[in-house]
Amino acid sequence: MNDYLVKILTETLKKLYPDVQIPEITIEKPRIVEHGDAATTIALQLTKLVGKPPRNIAQEIKEALPSGGWIQEVEIAGPGFINFRFADSFLFDKLAEILNAGSEYGKGTQLDGKKYLVEFVSANPTGPLTVGHGRNAVLGDTIARLYEWIGADVDREYYFNNAGRQMRVLGASVSARYQQILGKNTELPEGGYEGEYIRDIAQKLVDGKGDSLLSDPDNIIFKETAEKLIFDDISRTLERMKIVMDSFFNENDLYENGSIQDVLKRLREKDLIYDEDGAVWFRTTLFGKEKDTVLVKSTGEPTYRLPDIAYHCNKLDRGYDKCIDIFGADHIATYPDVVSGIEVLGYDKERVDVLVYQFVTIVMDGKPFKMSTRKANFVTLDELMDEVGADVTRFFFLMRSPGTHLEFDIAQAKESGEKNPVYYLQYAYARIQSIMRKVFESYKFEGEANLSLLTHEVELKVIKDLMEFPEWIASAAMSKEPHRLINYLNEVATDFHKFYHDCRILGEDPALAYARVRLLAAVSMVMANGLSILGITAPDRM
RNA sequence: GGCCCGGUAGUUCAACAGGAAAGAACAGACGCCUCCUAAGCAUCAGAUCUGGGUUCGAGUCCCGGCCGGGUCACCA
């Protein structure tokens, strides 16, 4: 429709003002219903170029536009807006198209043939996933789903490091608990992990190995067992949230396959690193930073930036058109170094992209709650899902713009039950299924429905809503803001609930009932598809 | 102190990359179940931190304040 409007407007303007350089014509959707279905501000923009008052220009355009077709009415309003109202016949054609597309409706082709990699969660296996990881996990997965809906071939990857200091502390913590269970008076190491799950892991070792490890408290088995069990736990949690990773990437592989050394070598060849005080420095001042950055400490251990750069090179070398990272706000400072790194190594920086989301503030008993995995002050995602379920959990993390702080009131989330906004969407879907079950008991429809019987204001509004579905998916995907899709589905649900209130099916004339059934089939489709993108179930009854 | 987010109704958030009269939800007030699920609908009340600027037009863009969060390590 927009393309059509732009086309006829362009032709008209060329005729009217052959000497004027026409600016790009944009079509907007007015916020106010009375302002029509589509609008353009082109007359306002032409004021200076044409040298006439905007309303006069609008009037000239209106008179010169071809009449009929998809447009029923053209109106001039305010300072010079040109408003269009769609012809009902156009809406019915679109509805028929939507029904035709069925479960494919909403898909786009913007990323057809593209290979994308979304890297997310990426929590080191030191403990269960907490509410703090939830936003990352759900955003990453949903953005991957959105990309898939507009044509991309998407892989989901989990990046982790099992070789760092934190993991050593983890192993030592398990060892200490192991000794305690066997009656020895050993204390947790300095900064050790205090969570109950550490004791569970130690107990498993006692069950399996008895006291045979007492003589070897530094055995790697403590760390390895912890890593394995914790990863199992993380995978189960992700699965509960309907997240399935395609790959897990171990940072350690970058050392073993020489990528780290290779990156250093290439940077050195370009004279972008130097040695000082026993450390290796990256000349980040060349890219606008105040200080150069240490890549390898004087101890010989790299800082995390170096493997980060090597990892991104690795991803790009695997042939992805685009690699997206999902980061919390605390990691934003590292990102420019990575971009600089891959760029000087000859990669197109447009191929990496990042979504930075703001922190989740946990509110418990009306007070902000500071979480720490090490200190075992946390609410796990599993606990949260036990309370409110996976649907509510996913919805909660998606309903707000990633760029804004998310306040997660535990008490409210647990209590939310019937008042939770996710039920508003699911209820709309369930209501339609309920109607359908009843309708098919008493009606038999044959042939094609006569959609032009849909003349009620709210019926037409619903069709207009449904028409927008593909645009909103694309918009949510390209902006990496899934909440836009939620806002949209909310509007569809609202208009459906109004329809439910104003229009009936049972008891109506069969022809009208049939047309309405078709309309609801389309609404049902959009709700089901929309919820599936969000990873939320669409229940047949509630 | 430098850089990055954010500041919208009592509260939590929208506003689709500058458009017309700033939308929801919760909390508050009030109405609707002899009617396909009241997990719903309808009505009322209520907001753009502040000072300049750009523009026909600013919550949105620019500059200066103020407030909150993040980040600036040879920690990850």
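Quick note on labels: first sequence line is chain A, next is B, and so on, each numbered from 1. The structure displayed is predicted, hence computed values, not measured ones. All heavy atoms count here, side chains included; hydrogens, waters and symmetry mates do not.
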Using the C1' atom as the reference point in each nucleotide, state the distance between B/rA17 and B/rG10 in Å, no decimals. 32 Å

Quick one: which of B/rG70, B/rC16, B/rC36 gets closest to the side chain of A/L506? B/rC36

Is A/K464 paired with A/D495 through a side-chain N to carboxylate O contact shorter than 4.0 Å? no

Can you tell me how far C1' in B/rG59 sits from the matching atom in B/rU48, rounded to whole Å? 5 Å

Look at the side chain of A/R400 and decide which nucleotide, out of B/rU71, B/rA39, B/rA14, has an atom nearest to it. B/rA14

For the residue pair A/F408 and A/F396, does the interplanar ring angle fall in the parallel (under 30°), tilted (30 to 60°) or perpendicular (over 60°) class? parallel

Tell me, do A/V352 and A/V338 make a side-chain contact under 4.5 Å, heavy atoms counted? no

Taking the P atom of each, how far is B/rU11 from B/rA47, in whole Å? 12 Å

Residue met sooner reading RNA chain B from 5', once A/K29 and A/E251 are mapped to nucleotides: A/K29

In whole Å, what separates the C1' atom of B/rA27 from that of B/rU12? 11 Å

Applying a 4.0 Å non-hydrogen cut-off, can you work out what A/Q166 is touching in the nucleic acid: base, sugar-phosphate, or nothing? nothing

Given B/rA73, B/rC35, B/rU71, which nucleotide is nearest the side-chain atoms of A/R504? B/rC35

A/R484 and A/S401: side chain donor to acceptor below 3.5 Å: no

Please, what dot-bracket string fits RNA chain B when only Watson-Crick and G-U pairs with both distances under 3.5 Å count, crossing ones use [ ] and pairs to another strand use |? (((((((..((((.....[...)))).((.((.......)).))....(((((..]....))))))))))))....

Determine the sole option in A/F231, A/F249, A/Y311 for which the ring pair (Phe, Tyr, Trp, His ring centres under 6.0 Å) test with A/F160 is passed. A/F231

Winner on side-chain proximity to A/Y500, out of B/rA73, B/rC36, B/rA76, is B/rC36

Taking atom C1' in both B/rA9 and B/rA14, compute the distance separating them and give it to the nearest angstrom. 13 Å

Which listed nucleotide (B/rA76, B/rC36, B/rA14) is nearest to the side chain of A/H331? B/rA76

Students often mix this up, so state it plainly: with edges at 30° and 60°, are the rings of A/Y274 and A/W281 parallel, tilted or perpendicular? parallel

Selected nucleotide, minimal atom distance to A/A333 side chain, candidates B/rG19, B/rC72, B/rA38: B/rC72

What is the distance from CE of A/M399 to P of B/rA15, rounded to the nearest Å? 13 Å

So which of residues 37-44 of chain A are in contact with RNA chain B, with a heavy-atom cut-off of under 4.0 Å? A/A39, A/T41, A/L44

Between A/K461 and A/E491, is there a side-chain N and carboxylate O pair less than 4.0 Å apart? yes

A/R431 side-chain N/O to B/rA38 phosphate OP1/OP2 under 4.0 Å: yes

Using a distance-only criterion (donor-acceptor N/O pair, under 3.5 Å, no hydrogens), is the base of B/rA20 paired with the side chain of A/N83? yes

Do A/Q426 and A/M542 come close enough that some side-chain heavy atom pair is under 4.5 Å? yes

Could you list the protein-to-nucleotides 42-47 of chain B atom pairs, N/O on both sides, closer than 3.5 Å?
none

RNA chain B contacts made by residues 435-444 of chain A, counting heavy atoms under 4.0 Å: A/I435, A/K438

Any side-chain N or O of A/R31 less than 4.0 Å from the OP1 or OP2 oxygen of B/rA20? yes

What string of B, S and - do you get for nucleotides 1-8 of chain B, 5' to 3', if B is base contact, S is sugar-phosphate-only contact and - is no contact with any protein heavy atom under 4.0 Å? -S--SS--

A/R484 CZ to B/rG23 P, in whole Å, measures 19 Å

Would you indicate, yes or no, if B/rC13 has its OP1 or OP2 atom less than 4.0 angstrom from a side-chain nitrogen or oxygen of A/S401? no

N or O in side chain of A/Y304 less than 4.0 angstrom from B/rA73 OP1/OP2: no

A/K297 side-chain N/O to B/rA76 phosphate OP1/OP2 under 4.0 Å: yes

Between B/rU60 and B/rU54 - P atom distance, rounded Å: 15 Å

Less than 4.0 Å between a side-chain N and a carboxylate O, is that true for A/R283 and A/D292? no

Would you classify A/Y424 as touching base, sugar-phosphate or nothing, given that sugar-phosphate means primed atoms plus P, OP1 and OP2, and contacts are heavy atoms under 4.0 Å? sugar-phosphate

Determine, for A/K480 against A/D353, whether the closest basic-nitrogen to carboxylate-oxygen distance falls under 4.0 angstrom. yes

Could you give the distance separating B/rG6 and B/rC62 at their P atoms, to the nearest angstrom? 11 Å

Nearest-Å distance, CD (A/E28) to C1' (B/rA17)? 11 Å

Please determine if A/K498 and A/D502 form a salt bridge, counting it only when a charged side-chain N lies under 4.0 Å from a carboxylate O. no

If you look at every strand shown and take non-hydrogen atoms under 4.0 Å, does A/D277 touch a base, only sugar-phosphate, or nothing? base

Looking at the angle O4'-C1'-N9-C4 for a purine or O4'-C1'-N1-C2 for a pyrimidine, is B/rC33 syn or anti, with syn meaning within 90° of 0? syn

Can you list the residues that meet the side chain to side chain contact (heavy atoms under 4.5 Å, CB included) rule with A/R400, with sequence neighbours excluded? A/R135, A/T404, A/L406

Heavy-atom nearest nucleotide on RNA chain B for A/P79 versus A/G164: which residue maps closer to 5'? A/P79

Separation of the C1' atoms in B/rA29 and B/rC35, to the nearest angstrom: 27 Å

If the cut-off is 4.0 Å, is A/H483 near the phosphate of B/rA15, judged by side-chain N/O to OP1 or OP2? yes

